[in-house]
Peer 1: 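Mind having a look at this structure? Questions to follow.
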Amino acid sequence: MSRDYELKPFRSQVELHIDYARELNPQQHAAVTAVPGPALVIAGAGSGKTRTLTYRVAYLIEQGIPPDRILLLTFTNKAAREMMRRVADLLGAELQSLWGGTFHSIGARILRRHTDQLGFRPDFTILDREDATALLKACLAEAEIDIKATRFPKADVVGDICSLALNTNRSVAEVVADAYPYFVQLTPQIEDVGRRYTARKRTANVMDFDDLLALWLKLLREHADVREQYQRKFQFILVDEYQDTNKLQSELIDLLAARHKNVMVVGDDSQSIYAWRGAHFKNILQFPQRYPGAQTYKIEVNYRSTPEILAVANAAIAANVEQFAKQLAPARKSGMKPVLVPCGDSREQAAFVAQRILELREEGVNLNQQAVLYRSHFHAFDLQLELTRRNIPFSITSGIRFFEQAHIKDLTAYLRLVCNPTDELAFKRIVQLMPGIGGGAAAKLWDLFSSHRPPLTPAAPVPDPEPSEPSEMPTVSDLKSSNLKSQIPAPSPAPDLKSQILKSQISDPAAPIATALQKCAAKVPKKAATAWAQFTPTIAQLEAEPVRHQPAAMIQLVLEAGYEDYLQETYPNFRNRLEDLEQLAAFALQFTGPEDFLAQLALLTNIEADDDAAKRNDQEQVRLSSIHQAKGLEFDVVFIIMLCDGLFPSARSLETIDGQEEERRLFYVAVTRARNELYLSFPLVRMTPGSYGGDAMQQPSRFLGEIPKDLLDEWNLRSFHSYE
């Protein structure tokens, strides 16, 4: 007779070197010492997420789990290094065998061990973005696609389409139909280029960043022996910032954790703000359904912000339906209430922010600990001018410096050429946007244009308005109660920007630049003939009155004369760039001519170019940042500006419930960056694209209306005078 006999594991009593109960709060301690099994840790803003993760790793190792059986996945190399360092400090020993790193670095490490099963050699190289684009260009050439002649998307755009399809687990056709509808008719050719790109990568034994995830997933799906090897190996899996994972990453985690189910994911659903780049918000929401019996731990004690700021944060996110309910609880003493500041217009808003920054500096708040956050780049136009005027140093961390972006420089090149037909750089920049014109052809065309260009005469000056006595600006309460339209002068008639392109033969003496361009037409490369035929009358329209003295109208005309089509073909984030340019046109409404407008842009660009030198000198600087790029940062004082419906939340997001909820999460992220003081401001009126001299009344952001009034102090601005 046989019977089963259970062999129980034996080990000596664990002696913990770390006093977890003393070093962690009760919520953190519960998560760190959780029993094996699936666990979801909802870590609110400022609650010590990184501390919880690192102590969890240390706890597992002290429990006898070998470091090489633990997998710690992060999103950035910096986060991975920081966590590994903290664990080593806690345990007093280096942990070389711990598998910790970004999804991509772990993917590359595993793929190198199994490349033969995927048709690659172990010495494969990894393409950076520039190399991947170069290979895509070769695929476009191989497919004999003339990008400019057929208005086919450029290599960067094709790459982003294929990348988004991979990371969201959709077909190229689905991505094009959803995000790039203006290329739907080109879907078969885009798919063909994608297939060529995949084949060329295999032939060249190279992978791009997306392959590090996609091929890793393919390896696990299709090779049971490899899948079982890593399922057995990784006894415990920990994932940082789980709310930012995409479908590929969540499936990788699920496959690796399928055997032991010891997966702990840490994140904050209220800080999921990257849907636009493929993050799948449902991953964190649906974790309990994918892992029945999963324990959920909430870490809600916030060590960053004052109770008053946390009250606003809790109210700000409360309206979201799809979320794990949580209440951030303060660990700090009481401070001042957050301040609501309605402003007359965006310039008054800029004046308020600049003045308050200086006051806070006098009170001892370092400029480096003050930040201005906004939804989009263009929201800070007037503020940059005001800070420059007051000599307040600032740095911009909203990606590439706004005025140095290609689409801004492309469009302003048209204005520069009209203002100064001897501007060789502006001329060459414009013509090299055309098919078949490279550096050599541009130089020849410049020489030809210069020979035809008539003697220069200064543009007729715009008369200054009659001087008047300085008058006090209307107060916020005045603006709220008055009939706004009655205060705004009627705009001059807008030019007919939808009119047909002018006749091809131009000889109007009022359009000397266009006339000179017309004389160059015979020498233009054949591929560029159509583009040149459109370029010439566009310049003529820009030279004509009254457009010549209306920089906003000039910008809109260039957009409608073909540059908007160029944006579609060239940039994957076409809509964002178009919005930038439309708002640049609105910003230009305050200038009396393109010369003054261009001078201000040049001033801002030069100020921004000094950022690196200022940093080397350790100069104090106010931080100007988009909210997306401020995630993970914190400041003593935060200003959130342009809180108007249509700006924040953005107009596009208002089209769907999901879009509105993501915008509300973005607002929550902005609020929770503040430690001590928070200022929320919006303009009551602002110039808008197409208004041509008139202002539009603004509705305060709906997010402000969701915050109980007793949680905010409202400041009414009364003492501002007319701007000089």
Peer 1: Could you walk me through whether Leu578 and Gln568 pass the side chain to side chain contact (heavy atoms under 4.5 Å, CB included) test, one step at a time?
Peer 2: CA-CA 9 Å; Leu578 178 60; Gln568 284 186 352; over 6 Å; no
Peer 1: Table please: side-chain donor-acceptor pairs of residues 137-145 below 3.5 Å, with sequence neighbours left out.
Peer 2:
from: Glu142; atom 1: OE1; to: Arg196; atom 2: NH1; distance (Å): 3.0
from: Glu142; atom 1: OE2; to: Arg200; atom 2: NH2; distance (Å): 3.4

Peer 1: Listing request: all salt bridge (Lys or Arg N to Asp or Glu O under 4.0 Å) pairs with a residue in residues 171-186, at least two apart in sequence or in separate chains.
Peer 2: Arg170-Asp178
Peer 1: I'd like to check the side-chain contact (heavy atoms from CB on, under 4.5 Å) partners of Glu82; sequence neighbours left out, ordered by chain and number.
Peer 2: Arg85, Arg86
Peer 1: For the CZ atom of Arg259 and the CZ atom of Arg232, what is their distance to the nearest 0.5 Å?
Peer 2: 3.5 Å
Peer 1: What pairs with His280 under side-chain contact (heavy atoms from CB on, under 4.5 Å), at least two apart in sequence or on another chain?
Peer 2: Lys247, Lys282, Asn283
Peer 1: On a heavy-atom basis, which atom in Gly438 and which in Gln432 lie closest, and how many Å separate them?
Peer 2: C-OE1, 3.5 Å
Peer 1: Who passes ring pair (Phe, Tyr, Trp, His ring centres under 6.0 Å) against Phe124, sequence neighbours left out?
Peer 2: none
Peer 1: Answer yes or no: is there a donor N or O on one side and an acceptor on the other, between the side chain of Arg304 and the main chain of Thr672, under 3.5 Å?
Peer 2: yes
Peer 1: For residues 42-60, which residue pairs pass the salt bridge (Lys or Arg N to Asp or Glu O under 4.0 Å) check, not counting sequence neighbours?
Peer 2: Lys49-Asp240, Lys49-Glu241
Peer 1: Do NZ/NE/NH1/NH2 and the carboxylate oxygens of Asp244 and Lys631 come within less than 4.0 Å?
Peer 2: yes
Peer 1: Within a strict 4.5 Å, meaning less than it, do heavy atoms of the Leu60 and Leu238 side chains meet?
Peer 2: yes
Peer 1: Give me each pair satisfying salt bridge (Lys or Arg N to Asp or Glu O under 4.0 Å) with a member in residues 101-116, each pair once, sequence neighbours excluded.
Peer 2: none
Peer 1: Would you call Gln249 and Trp216 a side-chain contact if the rule is heavy atoms closer than 4.5 Å?
Peer 2: no
Peer 1: Please name all residues satisfying ring pair (Phe, Tyr, Trp, His ring centres under 6.0 Å) with Tyr291, sequence neighbours left out, ordered by chain then number.
Peer 2: Phe287
Peer 1: With ring pair (Phe, Tyr, Trp, His ring centres under 6.0 Å) as the rule and sequence neighbours excluded, what pairs involving residues 167-201 come up?
Peer 2: Tyr182-Phe574
Peer 1: Could you list the residues that satisfy ring pair (Phe, Tyr, Trp, His ring centres under 6.0 Å) with Phe75, not counting sequence neighbours?
Peer 2: Phe103
Peer 1: What residues form a ring pair (Phe, Tyr, Trp, His ring centres under 6.0 Å) with Phe209, not counting sequence neighbours?
Peer 2: His104
Peer 1: Do any pairs count as a ring pair (Phe, Tyr, Trp, His ring centres under 6.0 Å) and have a residue in residues 254-275, sequence neighbours left out, and if so which ones?
Peer 2: Tyr274-His628
Peer 1: Does a side-chain heavy-atom distance below 4.5 Å link Lys326 with Asp268?
Peer 2: yes
Peer 1: Between Asn368 and Gln621, which heavy-atom pair has the shortest distance, and what is it?
Peer 2: OD1-N, 2.8 Å
Peer 1: Below 4.5 Å, heavy atoms only, C-beta onward: do Val266 and Thr52 meet side chain to side chain?
Peer 2: no
Peer 1: What I'd like to find out is whether the side chain of Phe234 reaches to under 4.5 Å of the side chain of Asn262, using heavy atoms alone.
Peer 2: no
Peer 1: Looking only at side-chain N and O atoms, does Gln28 offer a donor or acceptor that is under 3.5 Å from a partner on Tyr55?
Peer 2: no
Peer 1: Which pair of non-hydrogen atoms, one from Ala630 and one from Arg673, has the smallest distance, and what is that distance?
Peer 2: O-CD, 3.5 Å
Peer 1: Measuring only between side-chain heavy atoms, which start at C-beta, is Ile284 closer than 4.5 Å to Val265?
Peer 2: no
